[in-house]
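Here's the structure, in structure tokens; my notes come after.
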Amino acid sequence: MRFISHRDFARAFERALRRAGVPMAFSQGFSPHPKISYASAAPTGVASEAEYLELGLQSEVDPAELVKALDAVLSPGIDVLDGVVAAPGTTLADRIDASLWRIELPGVTRVDAESAVAAFLAAGTIEVERLMKQGMRKLDAREPVISMIISQVSEVDPAPCVIIELVVRHVTPSVRPDDVLSGLRVLAGLEPSEPPRAFRLAQGALTETGDIVDPLEADRTTIGGERGVETVSA
């Protein structure tokens with residue numbers, strides 16, 4: 001599922017809404033669209049356990065029943081985990097400003113990883129390039145990274161693997177895991193022997209201590225407003 005694009009995911013989810021009989025609200029105009037708002041969708045090639053979206057509905061629906069109905073018609077690998085009634089006047093965009101990522105680096109040893117992470121965190125600016133619709137664009141891969149730690153190491157021969165976890169603040173343009181990996185390669189020559197694997201573990205509001213707060217937590221007992229649905233694509 002990590003290799004489907006955001007557009008493909010959106011199309012699959014809209015079909016699931018129709019199959020589940022969800023009473024969606026639609027936009028006005030000549031080409032009405034269901035009111036769905038996605039929050040910081042994961043890039044193609046990245047798995048996620050914390051994707052969020054908002055649904056605008058025409059009538060009240062029990063969140064638990066909505067979750068059950070959608071989960072029954074979605075493709076394997078896309079699972080709806082939770083749904084809440086969002087507080088009026090707030091949006092997911094207001095509550096999500098950072099992500100927690102896990103990156104697996106096959107073929108990288110602890111010594112090389114520790115050296116690269118230390119160099120990355122010590123740098124003031126790390127310039128990388130990414131191909132966008134408008135062409136190549138330079139980004140600072142260092143500034144949005146709040147923390148980076150080595151969370152796990154497997155030294156089993158012949159394929160050692162280091163796992164790093166990092167908290168990245170959401171900025172425009174976004175800095176993605178592959179941008180951070182480009183920074184580690186440019187700065188310290190860190191090059192996994194196989195393609196690295198990235199996973200988003202959490203999204204939410206960033207606290208002063210660097211923790212991430214679940215954006216739906218404040219709505220778990222709220223009544224009224226639109227529905228917020230948390231989905232996972234793994």
Side-chain angles (χ1 to χ4, degrees), residues 1-9 40-51 75-79 98-171 173-204 206 210-212 231-234:
M1 296 304 297
R2 75 178 68 214
F3 295 110
I4 68 171
S5 68
H6 174 63
R7 181 175 297 181
D8 290 333
F9 172 80
S40 304
T44 304
V46 173
S48 178
E49 298 177 356
E51 296 302 293
S75 301
I78 303 178
D79 304 306
S99 291
L100 171 62
W101 298 95
R102 184 180 75 224
I103 304 178
E104 298 179 358
L105 303 173
V108 174
T109 65
R110 175 187 286 274
V111 173
D112 290 340
E114 288 178 344
S115 175
V117 168
F120 188 98
L121 295 176
T125 300
I126 303 175
E127 190 175 86
V128 299
E129 288 187 329
R130 187 204 304 164
L131 181 61
M132 300 184 178
K133 293 181 179 179
Q134 300 80 11
M136 295 299 296
R137 180 165 181 175
K138 294 181 178 180
L139 306 170
D140 180 5
R142 173 63 186 93
E143 192 276 332
V145 177
I146 305 303
S147 64
M148 179 187 296
I149 63 171
I150 298 175
S151 66
Q152 189 175 343
V153 179
S154 172
E155 298 288 2
V156 178
D157 292 331
C161 181
V162 168
I163 299 175
I164 63 174
E165 290 187 4
L166 57 153
V167 175
V168 182
R169 190 186 302 276
H170 295 179
V171 295
S174 62
V175 169
R176 309 182 308 196
D178 55 321
D179 299 319
V180 174
L181 291 171
S182 294
L184 291 169
R185 182 173 60 253
V186 169
L187 193 65
L190 192 69
E191 191 72 53
S193 60
E194 299 177 15
R197 296 179 293 272
F199 304 82
R200 176 146 58 189
L201 303 180
Q203 287 193 81
L206 187 66
D211 297 321
I212 294 180
T231 69
V232 58
S233 176

Restricting to non-hydrogen atoms, name the atom on [X] and the atom on [Y] that form the minimum distance, rounded to 0.1 Å.
{"X": "P196", "Y": "I103", "value": "CB-CG2, 4.3 Å"}
{"X": "V175", "Y": "P144", "value": "CG2-CG, 3.5 Å"}
{"X": "M1", "Y": "P76", "value": "SD-O, 3.6 Å"}
{"X": "R200", "Y": "A41", "value": "NH2-C, 3.4 Å"}
{"X": "L187", "Y": "A119", "value": "CD2-O, 3.2 Å"}
{"X": "V162", "Y": "R110", "value": "CG2-N, 3.9 Å"}

(message) Checking H6 now: which residues fulfil ring pair (Phe, Tyr, Trp, His ring centres under 6.0 Å) with it, not counting sequence neighbours?
(response) Y38
For the side chain of [X] and the backbone of [Y], is there at least one donor-acceptor N/O pair under 3.5 Å apart?
{"X": "E51", "Y": "A42", "result": "yes"}
{"X": "Q203", "Y": "A50", "result": "yes"}
{"X": "S174", "Y": "H170", "result": "no"}

Working to the nearest 0.5 Å, report the span between [atom1] of [X] and [atom2] of [Y].
{"X": "I146", "Y": "L166", "atom1": "CD1", "atom2": "CG", "answer": "10.5 Å"}
{"X": "L190", "Y": "T109", "atom1": "CG", "atom2": "OG1", "answer": "8.5 Å"}
{"X": "Q152", "Y": "I163", "atom1": "CD", "atom2": "CD1", "answer": "4.0 Å"}
{"X": "L139", "Y": "T125", "atom1": "CG", "atom2": "OG1", "answer": "12.5 Å"}
{"X": "F120", "Y": "L181", "atom1": "CZ", "atom2": "CG", "answer": "9.0 Å"}
{"X": "I150", "Y": "I164", "atom1": "CD1", "atom2": "CD1", "answer": "8.0 Å"}

(request) Would you check, one step at a time, whether the test side-chain contact (heavy atoms from CB on, under 4.5 Å) holds for I4 with T44? (result) CA-CA 6 Å; I4 68 171; T44 304; over 6 Å; no
(request) Could you please spell out the steps behind the side-chain contact (heavy atoms from CB on, under 4.5 Å) verdict for L184 and E191? (result) CA-CA 8 Å; L184 291 169; E191 191 72 53; over 6 Å; no
Do [X] and [Y] have side chains that approach each other closer than 4.5 Å (heavy atoms only, starting at C-beta)?
{"X": "F199", "Y": "V46", "result": "no"}
{"X": "R197", "Y": "P106", "result": "yes"}
{"X": "V145", "Y": "V167", "result": "no"}

(request) Just jot down the side chain to side chain donor-acceptor pair (under 3.5 Å) partners of R102, sequence neighbours excluded, or say none. (result) none
(request) Could you please spell out the steps behind the side-chain contact (heavy atoms from CB on, under 4.5 Å) verdict for V180 and M148? (result) CA-CA 10 Å; V180 174; M148 179 187 296; 3.6 Å; yes
(message) Assess the residue pair V168 and W101 against the criterion (side-chain contact (heavy atoms from CB on, under 4.5 Å)); give the C-alpha distance rounded to whole Å, side-chain angles, the decisive distance to 0.1 Å, and a yes or no.
(response) CA-CA 8 Å; V168 182; W101 298 95; 3.8 Å; yes
(request) Hey, could you give me each pair passing salt bridge (charged side-chain N to carboxylate O under 4.0 Å, His left out) that has a residue in residues 135-151? Not counting sequence neighbours. (result) E127-K138
(request) Indicate whether any N or O donor in one side chain lies under 3.5 Å from an N or O acceptor in the other, for S115 and D112. (result) no
